[in-house]
Amino acid sequence: MNIITVGLSHKTAPVELRELLAVPDSRIGEALKRLMTYSSIKEGMLLQTCNRVEVYAVVDQVESGFSSVQEFLVDSHLSLSAEQLLPHLYWHSGDRTISHLFRVTSSLDSMVVGEPQILGQVKNAFRSALTHNASGVILNKLVKKAISVAKRVRSETRIAENAVSVSYAAVELAKKVFGNLSARTVMLVGAGEMAKLAAQHLVNHGVRQVLLTTRDSFRARAVANRFKGSPVPFEEFRNEMAKADIVICSTGASHYLISADDVQRAVRERMNRPIFLIDVSVPRNIEPVVRDVDNAFLFDIDDLEMHVEQNREERRAESFKAEAIAKEEVAVIQKWFQGLVVTPTIVALRKRAEEIKQAELARIMNRLTALSDQDREAVELLASSIVKKLIHGSLVTLKSTAQSSNGPIYIDAARRFYDLEPDDELTEGEEPDDTSVRSETSSLGQEGRSKTKEGSKFSHGSN
């Protein structure tokens with residue numbers, strides 16, 4: 001069995017193409033059932049977000065699996081041809097698939113590194129695969145490990161701690177001024193998108209009340225309702241600023257709307273309690289000398305961008321730690337998968353030995369009818385001991401060499417020497433049972449490597 005992924009992302013395809021491939025939530029079950037009709041695909045999962053559409057699959061052969069998934073993706077939209085799709089796809093197999101899924105789930109491949117949504121999206125994709133019987137032993141293990149890796153990355157690095165959006169940076173800066181944002185009041189002067197996003201983030205972090213003012217009173221009421229807040233007449237907002245702990249200004253005005261005198265008066269009415277002002281307007285709408293007013297903290301769009309860039313640098317530094325964790329965990333899961341290669345042979349050898357033992361015991365017991373129950377038990381224990389010792393060396397050799405390039409040769413030789421049945425497919429619940437495999441320390445075989453050849457029609461895309 002081989003693990004592959006075929007897909008496209010924000011790195012390889014425009015949003016228009018990603019939208020064409022996206023399957024509506026109501027049709028995910030239908031899509032998974034159609035994916036599983038391909039004979040080369042044994043297990044499958046469809047992961048789709050606004051930035052990617054990917055299929056993860058367990059297949060018999062890598063090349064036929066790639067072809068089947070490509071056909072599946074093209075068939076997902078009848079107006080999309082293979083020629084249109086092919087240049088935007090990437091193909092991975094074996095350990096490259098494992099690494100890619102770990103990086104995706106840990107948000108190392110996201111447009112915004114460290115964003116938290118992707119982990120939930122992977123969980124939802126896995127849940128759908130389970131619900132529609134598309135996932136089995138191998139994908140179950142792989143996706144669960146990917147989720148575990150993502151959690152480890154978040155707990156052992158600071159990759160998701162600092163804001164990398166201007167709107168969210170406002171929250172971080174507000175926390176530096178006030179500490180706890182609960183019971184605070186924010187006033188929006190204007191209803192620009194960035195201001196509304198910042199207000200939403202502030203509300204999510206405990207801000208109690210939202211006041212909103214625009215020159216359009218109807219729009220002011222509509223936006224205020226969105227936040228369950230209160231509209232303020234535009235002509236009166238300066239007199240109402242004293243009620244606000246946080247003021248976010250985002251209008252299309254070409255001049256200053258808020259002066260240092262306005263802020264000074266508000267601070268005085270607030271009994272010198274701090275007021276935090278964010279000016280995301282271009283050109284600026286808050287007079288820069290407001291910075292000189294005691295207990296007034298003013299940040300403009302450049303200040304926010306500088307804060308965000310510092311955070312991006314910190315995330316980039318943390319991402320190196322996260323990459324090391326993902327790489328380490330790839331090695332762990334590779335070893336587990338190698339155990340799957342040798343397990344059917346080990347199971348078959350034990351079964352064959354048990355059959356021979358039982359047959360010989362039955363034959364001899366029919367002749368030794370005078371034996372007591374105690375003697376019969378001793379004979380059975382002797383037979384079991386001999387069998388275990390005879391096959392012990394073979395089992396140890398199979399387990400220890402499974403990780404080597406000669407592993408398939410040893411497996412084939414064992415099946416020939418002991419006249420074992422052909423490999424059966426691994427079924428749910430049947431996993432490598434030796435101690436090293438249970439602790440995830442056995443190794444992945446040759447199919448754990450990418451089988452895409454240079455010059456092949458299948459080319460690896462950017463991670």
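Computed from a predicted structure; not experimentally measured. Just so it is clear, the values below take in all heavy atoms, side chains as well, and ignore hydrogens, waters and symmetry mates.
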Inset, instruction - To the nearest 0.5 angstrom, please state how far the CD1 atom of Ile28 sits from the CG atom of Leu46. - result: 5.0 Å

Inset, instruction - Check whether more than 12 heavy atoms from other residues, nucleotides or ligands sit under 6.0 Å from atom CZ of Arg27, and answer yes or no. - result: no

Legend entry - Arg363 with Glu360: basic N within carboxylate O range, under 4.0 Å: yes

Legend entry - Residues, nucleotides or ligands: over 12 heavy atoms within 6.0 Å of Met306 CE: no

Inset, instruction - For Arg219 and Ala191, indicate whether the former's side chain and the latter's backbone hold a donor-acceptor pair under 3.5 Å. - result: yes

Inset, instruction - Check the pair Phe276, Leu173 against side-chain contact (heavy atoms from CB on, under 4.5 Å), reporting the backbone distance first and the verdict last. - result: CA-CA 9 Å; Phe276 177 54; Leu173 293 172; 3.6 Å; yes

Inset, instruction - Please step through side chain to side chain donor-acceptor pair (under 3.5 Å) for the pair Ser68 and Ser40, ending with a clear verdict. - result: CA-CA 7 Å; Ser68 295; Ser40 61; 2.8 Å; yes

Legend entry - Side-chain H-bond candidate by donor/acceptor type, Ser182 with Asn180, under 3.5 Å: yes

Legend entry - Contact check, side chains of Ile248 and Met187, non-hydrogen atoms, under 4.5 Å: no

Inset, instruction - Please check if the side chain of His88 supplies one atom and the backbone of Leu8 the other of a donor-acceptor pair under 3.5 Å. - result: no

Inset, instruction - For Thr131 and Arg127, indicate whether the former's side chain and the latter's backbone hold a donor-acceptor pair under 3.5 Å. - result: yes

Inset, instruction - Report yes or no: does Ser281 contribute a side-chain atom to a donor-acceptor pair with the main-chain N or O of Thr251 at less than 3.5 Å? - result: yes

Legend entry - CA sep, side-chain torsions, deciding dist, call: Val62, Trp91, side-chain contact (heavy atoms from CB on, under 4.5 Å): CA-CA 10 Å; Val62 170; Trp91 289 263; over 6 Å; no

Legend entry - Reported CG-to-CD distance for the pair Leu361 and Glu354, which is rounded to 0.5 angstrom: 8.5 Å

Inset, instruction - Kindly give the heavy-atom pair with the smallest separation between Ile41 and Ala57, and that separation in Å. - result: CG2-CB, 4.2 Å

Inset, instruction - Tell me yes or no: between the side chains of Gln117 and Gln121, is some donor less than 3.5 Å from an acceptor? - result: no

Legend entry - Donor-acceptor contact present, side-chain Thr105 to main-chain Ala146, <3.5 Å: no

Inset, instruction - Using modelled atom types only, decide if a donor and an acceptor are shared between the side chain of Asn225 and the backbone of Lys228 within a distance under 3.5 Å. - result: no

Legend entry - Flag side-chain contact, heavy atom, 4.5 Å: His100 against Tyr90: yes

Inset, instruction - Supply the atom-to-atom distance His10 NE2 to Ser110 OG, rounded to the nearest 0.5 angstrom. - result: 7.0 Å

Inset, instruction - Work out which heavy atom in Ile246 is nearest to a heavy atom in Ala174; give both atom names and the distance. - result: CD1-CB, 4.1 Å

Inset, instruction - Using a 4.5 Å cut-off on heavy atoms from C-beta on, say whether the side chain of Glu54 contacts that of Val104. - result: yes

Legend entry - Asp303 side-chain N/O to Asp300 backbone N/O, donor-acceptor pair under 3.5 Å: yes

Inset, instruction - Please lay out, stage by stage, how Leu101 and Val143 fare under the test side-chain contact (heavy atoms from CB on, under 4.5 Å). - result: CA-CA 8 Å; Leu101 179 59; Val143 181; 4.3 Å; yes

Inset, instruction - Please examine the side chains of Leu80 and Leu17, heavy atoms only from C-beta on, and report whether any two atoms are closer than 4.5 Å. - result: yes

Legend entry - Other residues, nucleotides, ligands: >12 heavy atoms within 6.0 Å of Glu377 CD: no

Legend entry - Side-chain donor/acceptor of Ser9 to backbone N/O of Asn51, under 3.5 Å: no

Legend entry - Leu85 and Leu73: CA distance, side-chain angles, deciding distance, side-chain contact (heavy atoms from CB on, under 4.5 Å) verdict: CA-CA 9 Å; Leu85 180 64; Leu73 290 173; 3.8 Å; yes

Legend entry - Closest non-hydrogen atom pair, Gly192 against Ser250: CA-OG, 3.4 Å

Inset, instruction - Sort and list the pairs that fulfil side-chain hydrogen bond (donor to acceptor under 3.5 Å, both in side chains) and have at least one residue in residues 382-394, not counting sequence neighbours. - result: Lys357-Ser384, Ser394-Tyr418

Inset, instruction - Indicate yes or no: at least one non-hydrogen side-chain atom of Val53 is less than 4.5 angstrom from one of Leu47. - result: no

Inset, instruction - Please identify each residue that fulfils salt bridge (Lys or Arg N to Asp or Glu O under 4.0 Å) with Arg18, with sequence neighbours left out. - result: none

Legend entry - Heavy-atom closest contact (Leu21 atom, Gln48 atom, distance): O-OE1, 4.2 Å

Inset, instruction - Over all heavy atoms of both residues, which pair between Ile333 and Ile98 is shortest? Give the atoms and the distance, please. - result: CG2-CG2, 3.2 Å

Legend entry - Under 3.5 Å side-chain donor-acceptor pair for Asn140 and Ser135: yes

Inset, instruction - List the steps, then state whether salt bridge (Lys or Arg N to Asp or Glu O under 4.0 Å) holds for Lys175 with Glu172. - result: CA-CA 5 Å; Lys175 284 184 174 180; Glu172 286 192 348; over 6 Å; no

Inset, instruction - Could you tell me whether a side-chain N or O of Ser67 sits under 3.5 Å from a main-chain N or O of Glu63, the two making a donor and an acceptor? - result: yes

Inset, instruction - Nearest 0.5 Å please: distance from the CZ atom of Phe178 over to the CZ atom of Phe297. - result: 8.0 Å

Inset, instruction - With the side chain counted from C-beta on, respond yes when Leu142 and Val58 share a heavy-atom pair under 4.5 Å apart, and no when they do not. - result: no

Legend entry - Point-to-point distance, once rounded to the nearest 0.5 Å, from OH of Tyr38 to CD of Glu71: 4.0 Å

Legend entry - Polar contact flag, side-chain donor to acceptor under 3.5 angstrom, Ser81-Gln84: yes

Inset, instruction - Output yes when a side-chain donor or acceptor of Asn2 lies under 3.5 Å from a complementary backbone atom of Asp60, and no otherwise. - result: yes

Legend entry - CA sep, side-chain torsions, deciding dist, call: Glu329, Arg152, salt bridge (Lys or Arg N to Asp or Glu O under 4.0 Å): CA-CA 10 Å; Glu329 294 287 2; Arg152 184 183 167 195; 2.9 Å; yes

Inset, instruction - State, yes or no, whether a side-chain contact exists between Val223 and Lys196 at a heavy-atom distance under 4.5 Å. - result: yes

Legend entry - Closest non-hydrogen atom pair, Glu43 against Gly136: OE1-N, 2.8 Å

Legend entry - pair Arg154-Ser107: side-chain heavy atoms closer than 4.5 Å: yes

Legend entry - Leu108 side, atom CG; Ser319 side, atom OG - distance, nearest 0.5 Å: 6.5 Å

